[in-house]
Structure formats: C-alpha cells, structure tokens
Participant: 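Handing you a structure now.
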Amino acid sequence: MSQDAENHATQSIGFWAEAWVRFRRQRLAMAALVFVGLLAMIAVFSPVIVGTKPIICHYKGGYYFPAAGYFYEQWENPIFITDGVIYSYPQKLKQNDSESWAIWPIIYQDPLRRVRDGEWNEGSGNPIGSAGTPSRRNLFGTNDLGEDVFAKMIHGTRIALLIGFVSTGIATVIGIFVGASAGFFGGKIDWALSRAIEIMMCIPTLILILALISIIDKPTIWHLMVVIGVFGWTGIARLTRAEFLKLKQLEYVTAAKALGFRWPRLMFRHILPNSLAPVIVPITFGIAAAILLESTLGFLGIGAPDKTSWGRLLNEGKENLQMWWLIVFPGAAIFLTVLAYNLIGEGIQQATDPTLKSSKH
Amino acid sequence: MNMRSGTMLLWILLVISVGCSQQANNLADISESDEAFVLGDLLEPFNPPSLESLEQSVNAGGGWIDRPVLDSLVLLRERQAKEPILATVNQALDLRNNSDEENAKILSALGRLPENDAEVNYAAQITRATPQALNNQNPLLASSMTEFEVSSLTGFGLFGFDWNFTPFASQDSVKSWQTSKDGLYDKVIMRSDLLWSDGTPITAHDIEFSFKVIMSSQVPIRAQRTGTEAIKYVKAYDDQTLVYFHNEPLETNVWNINFSIIPKHIYEKSLADDPSLVDSDYHVQMEENPVTGGGYEVVKRDQREVVLRRRESSFMFAGKQVREKPFFETVRLRIIPVSSVRLLSLEAGDIDEMNLEPQQWSDQTNGDDFYRRCTKARGLEWTSFSFQWNANTPFFSDPKVRQAMTWAFDHQEMLGVHRKGLDQPCTGTYHPTSRWYPGSGNAVGVKIEPVKQNLEKAKQLLDEAGWMDTDGDGYRDKDINGKKRKFEFTIIVRNAKERIDLCELLAQNLRLVGVACNVKPLESATLQDKLFNKQFTAAFGGWGTGADPDTSENIWGSGQQRNFVDYKNPFVDELFEEGRKLSEDRKPWKDLKIWKNSDVIAFLQIDPDMAEKKPSREDCYAAIHALLWRDQPYTWLFYRNAYHGFNKRLRGYNFSPRGIFGYGPGFSSLWMPQES
C-alpha cells in the first residue's frame with residue numbers, strides 16, 4: 001500500500017479507504033466481521049453442510065439439484081414429488097432407478113423433519129424427547145419431535161442473516177430517502193416528513209406484525225422482513241435528516257449549487273456520500289435488532305412461521321426445560337450474532353468518526 | 001354440590017377445542033333492536049294446567065315413575081367400597097407411575113374418599129391453575145374454561161350425572177323427582193332448606209325464571225338454549241314444586257332439564273332495562289358481587305387469581321348442618337397460561353394439581369424433583385382431536401378426497417412421536433369403550449380398525465375424485481367451473497405448538513400425494529370466529545364428550561350450530577331424531593330412510609331380517625358413527641387421555657371419560673388429610 005501511496009502522493013486515499021484501514025486495526029470488530037462472513041458462508045452452503053436431499057443427482061436420465069429445495073420449495077424438481085422420493089432419497093432413488101447416483105450433504109440430517117429408522121445407511125431414526133441428547137449423529141441433539149437441532153441451526157442461519165439484511169435494507173432505503181428529502185428541502189416538506197416520522201414511531205411494530213400475520217393467508221418470513229423494514233426506518237431517517245441539515249450549509253454544496261446542478265445530483269452525489277458515515281452505524285445496529293426481534297417473535301411463538309428459526313428452537317426449549325441443548329445452542333448463536341453486529345457497528349463508528357482519527361484503536 | 005349442568009356440555013367441548021373465551025361472539029349476538037324486552041319470548045304461548053288437573057291427567061296416563069335422587073359422594077363411596085384396595089396410602093406415595101399397574105395402585109389408594117370426617121382437614125386450601133382470567137361470573141354467560149370452573153363451584157343446580165353418565169337429581173337440592181309414564185312431564189320437589197348467598201331462599205320460582213331468561217331472544221345466551229328449546233314450559237306451582245313440560249317424550253329430556261340457574265329476586269326487575277346482563281350499572285355491580293347458590297363464593301378476583309371461599313349458608317340451615325360440608329375452605333385458581341410454568345409451580349408446591357402435556361408426562365415428571373412433592377396419575381378420556389374438512393369448499397365436498405386425507409396422514413408417527421405413545425387412535429365420533437360404538441355390546445355395525453398410512457390408496461382416491469397433476473408441477477389440479485385449480489389449501493389451527501406440529505406433519509404427508517397444505521396458526525378468538533362463520537377450508541380441533549350421545553347432533557346435524565364443516569346427511573339427521581325418542585316411539589328399521597339405501601345397509605352390516613324390528617338407542621348412534629366414518633367429514637386422529645400431576649397432600653381424585661372434574665362428584669371428591 002505504501003508504494004501505492006507514493007505513486008499517488010498528491011491524491012488522498014479517500015475517506016472510506018482510510019476508515020477501512022482504521023477498522024482493520026480493531027481486533028474485536030475484525031473478528032466480528034470474520035464471524036459474520038463465516039455465517040454468510042454457512043447460510044449459502046447450508047444444504048451442502050446438512051440435509052437429506054442430494055446436492056446433485058443423476059436420476060432417470062437427468063441431472064437434478066434437489067438440495068435447492070431447502071432454499072425454495074419449488075426448486076426441488078416435481079419429478080421427486082410425483083415419484084414420492086422427497087422424504088427418502090437414499091432408498092427411493094436407487095429403487096426407482098438403479099443407475100442413479102447422488103452426491104450427499106456432509107451430514108445426513110433434516111431441519112424440517114425427523115430422520116426415520118433405516119433411512120440412511122440402515123441406521124436407526126432420531127431419538128425423541130429428552131432421549132435426544134447431543135451425540136455423534138445429532139451434534140446438537142434433537143428436539144421433542146426428534147428433529148435434528150444442528151440441522152435446524154445451520155439452516156436457521158439463512159433466516160437470521162436474511163432477516164437482518166433484508167429488513168434493514170428496506171429500512172435504509174426508506175430512511176435515507178425520507179431523511180434526505182426532509183433535510184435537503186427543509187421548510188414545509190421537512191415539517192411534513194418530520195411529523196410523518198413521528199407518527200411512524202408511534203406504531204408498535206410487534207402488534208402490527210401480529211395483525212399482519214392474521215390477515216395474510218400464507219405468512220412467510222419475507223412478510224416479516226417487510227414489516228420490520230417498513231416500520232423500522234425512522235431512526236435512520238432522523239440521522240440522515242440531521243446530516244443533511246448540517247451538510248447543506250457547507251461551502252462545497254453552495255459551490256455545487258452555483259455550478260447549476262439540479263437537486264437530485266446535489267442530494268445524491270454531493271451530500272449523501274458525506275452523510276453516510278453516521279448512518280451506517282445505526283444500520284448495523286438495526287440488523288442486530290432485527291435478528292433479535294425475529295428471535296423474540298419465534299420465542300413467543302408468534303409470527304415466525306419458519307420451522308428453522310433460532311427463536312423457535314428457544315421456544316421449544318422453554319417448554320422442555322430439561323432439554324438444555326434446545327436453549328444453549330440457539331441462545332449462543334443469537335447472542336454471538338447480535339454481538340458481532342454490534343461490534344461491527346461500534347467498529348465502524350470508531351473508524352469513521354473524524355474526532356477519533358488520532359486514536360490508536 | 002354437583003352443579004355441572006348437562007346442557008353446558010357442548011360448550012365445554014368447544015372450550016377444549018379452542019380454549020378461549022367466547023365473549024366476543026356473545027357480545028356480537030346481542031340484538032340491537034329497540035323492541036321492548038319480553039321475558040321468554042322464544043316460547044310458544046302455553047297455559048300450564050293447575051297442579052290438580054295435571055295430576056289427574058298423569059294418573060290417567062299411567063301415573064308417575066320415581067327417578068333417582070342421589071348424592072354423588074355416596075355413590076362414589078359405594079363404588080369404592082366394592083373395589084379392592086391395591087396399595088396403602090404410604091405405598092402409593094412412594095410409587096413412581098411408570099406402568100398401568102402402578103397407576104391403578106396410585107388411583108386406588110389416593111383416589112379414596114375419607115373414611116370419616118376426622119381425617120379431613122376442613123381448613124385446607126387447594127390451589128389450582130387455570131389458563132385465563134375470569135371475565136364473567138354469571139353462569140348463564142360462562143364460556144371459557146375458567147368461567148365454567150368457577151360457575152361449577154358457585155352455581156346452584158338440581159341435577160347431576162356420575163362417571164358412567166347416569167343422570168340423577170342431586171340429594172343436596174331435591175327431595176323427589178318423578179317422570180310421567182308418557183315421558184311428557186318431570187315433577188321435582190325441591191328441598192326447603194336452600195339459600196342464596198344473600199340469605200334469600202332458593203325456590204322453584206328461580207328455576208322457572210331462569211328457564212324463561214334462557215328462552216328470551218334478547219338475552220345473549222348461546223350455550224344453553226340448545227337443550228332448553230326442547231322444553232315446552234317450566235312451571236313453579238309453589239316454592240318447592242316444579243314441573244317441566246316437554247314437547248315430546250325424549251330420552252334426552254333428562255339432560256334438557258339441567259340448565260344454569262340464576263336468582264329471580266336479583267334479575268327480575270333489571271332484566272328489561274339491560275337484557276345483555278352485563279351493561280347496566282346494576283348488572284356491573286352484580287357481576288362484581290354476585291348472589292350465588294353453590295358451595296363456594298368468589299371473594300377475590302383479578303388478573304392473577306380467583307379466590308373462592310366455602311359458603312356457610314350452603315350447608316347450614318337454621319343453625320344445623322343439613323348437607324355435606326365441602327372439603328376445602330378455600331379454592332384458589334391461579335392464572336398460569338404456560339404449561340411449563342404450571343409444572344414448575346406444581347413441583348414447587350405453589351399449585352396442587354394440573355393436567356400434564358404428553359411430553360411432561362413422559363419426560364419431565366420422572367425425577368426426584370417431581371416426586372419429592374408430587375405424584376401423577378392418568379385415565380382414559382373421551383376427548384378427541386381431528387382435522388376438520390369444510391365440505392362447502394371445492395376441495396372437500398367429495399368424500400373421496402376426505403378419505404384420501406385420512407389415508408395420506410401418518411397416524412403412526414403422530415401416535416408414537418407426537419403423542420409419545422400415550423394416547424389411543426380415534427376412529428370416529430364415539431369412543432370405542434362407549435355403548436354407542438358400532439359393534440360394541442348390542443349396537444349394530446362392526447368395529448372400526450384404526451387407519452395406517454397408505455399413500456397408494458390416497459393417490460387412487462384423489463385420482464378417482466378427478467384431482468390429477470396435469471401440468472407436471474408435482475401438485476394435483478382439477479377443472480372447477482372451467483378454471484384450473486391447484487390443490488392447495490390452508491389449515492387453521494390454534495397457536496399451540498403441539499397442534500401446529502401435527503398440522504405440519506399433515507402438510508409434509510400431503511406433499512407426497514401431490515397436495516399443498518399451508519398451516520396457519522391463529523389466536524383462539526380469531527379461530528373460533530372463523531369456525532363459527534365457516535370461513536375456513538380445513539381446521540384442526542377437538543371435542544370433549546357430552547354425557548349423552550345426542551349432544552353430538554350439534555356437530556353433525558344439517559345446519560346445526562357447531563356443524564362447522566357443513567356436513568349434511570339426511571340419514572344422520574333422521575337417526576339423531578330417532579335416537580332421542582323413547583324406544584316404543586321409534587320407527588322400525590324398514591321405515592327409516594337409511595333402509596332404502598342398500599349400500600349403506602351393507603356397509604353397516606345390518607341383517608335384512610331386522611326390517612320389522614325397532615332399532616335400539618345404541619343402534620341409532622352406532623349407525624350414525626358408521627355413516628360418519630364412511631363420509632369422513634373429519635380425519636379423526638387421537639383421543640387425548642387425562643394426565644394429571646397432584647401434590648402428595650391431595651386425595652380423592654378419580655377419572656371419568658370427561659376428565660377428573662367433568663362429572664359428579666368430580667371436584668367435590670377432592671380432599672386433604674389432616675397434617676400429622
């Protein structure tokens with residue numbers, strides 16, 4: 001980098017690059033970032049790590065990827081439903097087509113159902129109730145109905161990450177747009193938008209989610225994400241507004257105005273990039289909060305229709321207190337993930353705060 | 001104190017099925033009309049004859065037949081005297097309930113009534129758990145579990161029934177009970193030493209008044225009218241003499257005359273101003289401090305608990321004890337909605353009794369933590385659960401589709417894993433150990449075997465019903481009114497984990513036969529609303545049992561109130577009607593509609609030689625059962641047995657098909673021994 005810096009001695013390395021350098025110096029924040037990266041990998045490759053559907057298989061003359069069904073039910077080719085294979089690939093594939101072959105996930109367990117007797121290598125089925133202690137076969141034990149907790153947790157990573165990103169993504173887009181408009185235009189628009197923000201803040205998200213779930217015929221985790229996002233942008237909007245109010249007074253904005261740029265360019269090219277730093281911090285905290293909210297809903301047994309949500313596992317643990325593995329593993333996962341996002345948020349704050357520039361974090 | 005009203009039975013059932021207050025529905029029922037209130041406006045005009053002319057006409061028709069007037073505690077004592085003692089109390093307290101044998105020993109020793117009064121700690125308090133707060137104290141308006149619980153302790157009644165569902169008049173309140181030979185009149189002479197909690201005597205006029213209130217259109221009563229509708233009139237000839245006039249001589253009249261009773265002197269004047277019984281200031285005041293006639297009265301109620309205290313005037317009269325004294329001084333109902341918290345409270349000794357979930361029975365109550373203070377017992381209970389298919393939808397109007405659902409479901413996984421092997425499979429509307437089950441005792445038909453999953457059969461039935469996968473998406477479809485419709489439906493279920501899990505098992509199973517099923521958990525008030533308004537395609541729910549098989553008409557009769565699935569079968573309607581009649585009034589087999597349908601007769605395996613004979617009561621209900629099984633309006637799943645945890649101090653618990661409290665003596669038989 002130093003060589004690079006020499007080559008462009010006249011050009012500063014830029015605000016974000018500098019922030020990244022400072023961020024990298026913070027060990028905890030970096031560890032958290034690596035952890036989240038790891039979670040993302042797990043989320044993407046969850047059907048490869050654990051599942052009962054082949055990653056790839058050759059069946060009746062075609063190549064299929066049944067494991068994709070874990071991402072979206074309809075991606076599992078209908079041929080497997082018609083042939084009645086979906087819950088017993090290992091035997092049925094061979095039975096229906098002796099020429100078939102398949103590549104299996106690393107661990108043969110299912111997040112959505114109990115593995116039955118003789119399903120895999122003639123082994124016995126998953127134990128039920130408190131007999132399901134963690135073992136070699138069920139790394140994190142099984143729940144009351146004999147469903148594998150490890151499989152649920154691995155596949156639950158997807159939900160935890162998605163809910164964080166998607167809902168906060170929605171909140172960010174709305175928040176930045178509303179906040180920027182309010183701060184930039186000021187006057188009546190500012191007044192109206194500020195009141196709108198205040199009204200939005202009065203709506204209790206939890207109750208709204210409850211109402212929504214009862215209206216929608218087929219509620220999914222996506223509905224939840226949208227609700228959390230659509231009603232969680234007010235904090236971001238207020239911060240953006242404040243930044244805009246401050247930045248629009250600066251000379252470079254006046255200069256840009258003098259050059260005759262229209263408002264969208266001023267808003268998005270000139271002011272927005274400079275106002276992002278303080279906004280990114282609440283975004284990371286927002287992700288953590290969304291994950292926590294989803295877990296809370298799952299724990300309370302409302303709203304989370306997905307069988308693999310970490311919160312739902314915790315809820316099962318609450319009903320079966322002697323099955324400690326239902327509480328310890330998902331509890332730790334939620335704790336660590338939320339902590340990681342908070343550490344990242346704090347890291348970004350440290351790295352982007354110009355007043356802390358000289359600090360040796 | 002057997003104040004459990006028979007006509008309330010079905011309500012209790014509903015509470016079991018959905019488990020929450022019916023308040024919202026009741027309120028919606030209040031008619032908004034400005035018409036003046038008329039007491040008993042739902043009754044046909046009728047002028048009761050004088051007592052003398054009634055006696056004359058009854059004597060001309062064969063006279064009166066005496067009916068039993070009993071004390072359920074005495075009945076239980078007599079039963080227990082005949083049963084062998086399998087273990088001593090101390091042995092039973094040391095036992096761990098892991099087998100049928102141990103269960104029998106525990107019930108035999110700890111279920112006994114006290115030998116004498118000296119054994120009983122009459123100053124004892126029993127604390128029980130209940131899922132929701134008390135909203136209403138008026139027995140006519142009771143609709144949630146807690147409200148039934150409370151009104152059974154505070155309410156006054158004339159009739160009861162035992163664990164075999166044999167009806168009787170309660171010795172505590174009745175001197176004599178007679179039915180006319182033709183079955184058209186019931187005459188009851190009440191005791192003269194009965195007092196309301198404000199000291200006013202309880203008289204026959206209160207019963208006449210309560211009947212008229214129930215039969216008033218502006219009073220928002222849903223639960224009780226079903227039975228009382230069959231009664232022509234109730235007349236109090238003096239303070240003690242009461243005659244029930246029936247429209248028809250029916251087997252079910254003994255249940256119909258058993259309705260909730262409210263004090264006439266309290267409501268007589270206020271009713272016209274506020275027929276809702278809850279709105280006016282006066283009624284609000286009466287709701288807070290009601291005048292009641294039962295063995296206990298509420299002394300405190302809030303969102304945490306309901307406290308009831310024994311009422312002196314319920315068993316003392318003019319300075320003398322005239323009835324058995326209730327065994328507990330205080331009954332405390334603590335509101336604990338979560339069952340794991342209830343179990344912790346039981347283990348800590350904060351509550352004395354609770355019903356256990358299957359996983360609690362099999363997993364969480366085997367250790368020293370539990371047996372230190374508690375013990376447990378179980379018994380058969382006739383509470384069944386089922387998937388209910390709305391016949392008014394394009395999917396489930398065809399019986400073949402409904403049968404396919406039953407074949408597609410993995411009953412073994414449900415019984416073994418979800419129910420932990422503790423429950424019996426359910427094969428229809430009546431319980432296999434009841435007299436009404438096909439092929440049992442002298443009932444027609446053959447025993448029905450539980451179903452085992454058979455996907456091929458399910459697929460074949462769906463094919464036959466015209467549901468095929470024509471577009472190769474893995475899901476079946478069918479042309480309905482020229483439009484292709486995918487077989488995808490939503491099943492609604494109360495938001496309780498073990499229920500949702502079963503629906504999800506169904507959804508998984510149905511995927512294998514090319515049917516998409518979405519599970520939608522709902523909060524119980526919403527669920528009830530959808531059921532009553534028939535706004536659902538499929539639902540998961542359950543029913544407890546009524547004391548009489550006729551109570552099921554409400555579920556299966558065409559257009560009946562709780563026929564949520566809109567099941568219509570003229571054979572079934574007629575059989576319910578016949579089953580109610582006295583045996584001599586019943587039509588012979590050959591005159592029944594069902595006889596003309598040879599398929600059905602062959603299905604029921606009724607001997608053609610029976611044509612001239614009259615079906616027995618058992619025959620009628622067994623035939624209904626078999627017809628229902630043939631049509632599968634429900635996919636019947638399992639009977640939830642009764643599992644209870646008890647504090648070791650508690651004695652006198654016994655099970656009935658309606659659980660440990662839903663019969664006489666029920667709760668009244670529980671007691672605590674003197675501390676030694």
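Every chain is numbered from 1 and lettered A, B, ... according to where its sequence line falls, protein lines coming before strand lines.
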Participant: Could you report the tightest heavy-atom contact between B/Q453 and B/A408, atom names first, then the distance?
Facilitator: NE2-O, 2.9 Å

Participant: Of the backbone (N, CA, C, O) and the side chain (C-beta and beyond), which part of B/V513 lies under 4.5 Å from a heavy atom of chain A, both, or neither?
Facilitator: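 Neither; nothing under 4.5 Å.
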
Participant: Identify which part of A/E76 has an atom lying under 4.5 Å from any heavy atom of chain B, answering side chain, backbone, both or neither.
Facilitator: side chain

Participant: For A/N320, is it the side chain, the backbone, both or neither that has a heavy atom under 4.5 Å from a heavy atom of chain B?
Facilitator: both

Participant: What residue, out of A/I81, A/D83, A/T82, has the most heavy-atom pairs lying under 4.5 Å from chain B?
Facilitator: A/I81

Participant: Which pair of heavy atoms, one from A/P54 and one from A/P66, lies closest together, and at what distance?
Facilitator: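 Closest pair (atom of A/P54, atom of A/P66, distance): O-CD, 3.2 Å.
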
Participant: Check each atom of A/L112 against the heavy atoms of chain B and say whether the ones under 4.5 Å are side chain, backbone, both or neither.
Facilitator: both

Participant: Please determine, among B/D501, B/L522, B/D469, B/V338, the option with the most heavy-atom pairs under 4.5 Å with chain A.
Facilitator: B/D501

Participant: Given that the side chain runs from C-beta out, which part of B/D363 has a heavy atom under 4.5 Å from chain A: side chain, backbone, both or neither?
Facilitator: both

Participant: Heavy-atom distances under 4.5 Å only: say whether B/L505 touches chain A with side chain, backbone, both or neither.
Facilitator: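 Contact with chain A is through the side chain of B/L505 alone.
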
Participant: Under a 4.5 Å cutoff for heavy-atom pairs, which residue among A/M323, A/K318, A/E316 has the most contacts with chain B?
Facilitator: A/E316

Participant: Please state whether the side chain, the backbone, both or neither of B/E413 comes within less than 4.5 Å of a heavy atom of chain A.
Facilitator: side chain

Participant: Go through the atoms of A/E319 and report whether side chain, backbone, both or neither lie under 4.5 Å from a heavy atom of chain B.
Facilitator: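 Both backbone and side chain of A/E319 come within 4.5 Å of chain B.
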
Participant: What part of B/E488 lies closer than 4.5 angstrom to a heavy atom of chain A: side chain, backbone, both or neither?
Facilitator: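 For B/E488, the side chain is the part near chain A, not the backbone.
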
Participant: Ring centres of B/F536 and B/F564 under 6.0 Å apart?
Facilitator: no

Participant: Given A/W310, which of A/I159, A/T157, A/N315 fulfils the side-chain contact (heavy atoms from CB on, under 4.5 Å) condition?
Facilitator: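 It is A/T157, the one option of A/I159, A/T157, A/N315 that forms the side-chain contact (heavy atoms from CB on, under 4.5 Å) with A/W310.
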
Participant: Taking side chain as C-beta onward, heavy atoms only, is A/K53 less than 4.5 Å from A/P47?
Facilitator: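 Not in contact.
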
Participant: Look at the rings of B/F489 and B/W389 and say which category their plane angle falls in: under 30° parallel, 30 to 60° tilted, over 60° perpendicular.
Facilitator: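 Perpendicular: the ring planes of B/F489 and B/W389 meet at over 60°.
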
Participant: B/T635 side chain to B/F387 main-chain N or O, any donor-acceptor pair under 3.5 Å?
Facilitator: no

Participant: Going by the side-chain contact (heavy atoms from CB on, under 4.5 Å) test, name the single residue among B/T130, B/L343, B/V341 that passes it with B/I336.
Facilitator: B/V341

Participant: With sequence neighbours left out, write down each residue that passes salt bridge (Lys or Arg N to Asp or Glu O under 4.0 Å) with B/D410, or none if nothing qualifies.
Facilitator: A/R116

Participant: So which atom in A/K152 and which in A/L313 form the shortest heavy-atom distance, rounded to 0.1 Å?
Facilitator: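 The pair with the smallest heavy-atom distance is CD-CD2, 3.6 Å.
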
Participant: Give the member of B/H418, B/Q508, B/K497 that has the highest number of heavy-atom pairs under 4.5 Å with chain A.
Facilitator: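 Most heavy-atom pairs within the cutoff with chain A belong to B/Q508.
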
Participant: If I measure from the heavy atoms of chain A, does B/L344 come under 4.5 Å with its side chain, its backbone, both, or neither?
Facilitator: side chain

Participant: Which atoms of B/T526 are under 4.5 Å from chain A, going by heavy atoms: the side chain, the backbone, both sets, or neither?
Facilitator: neither

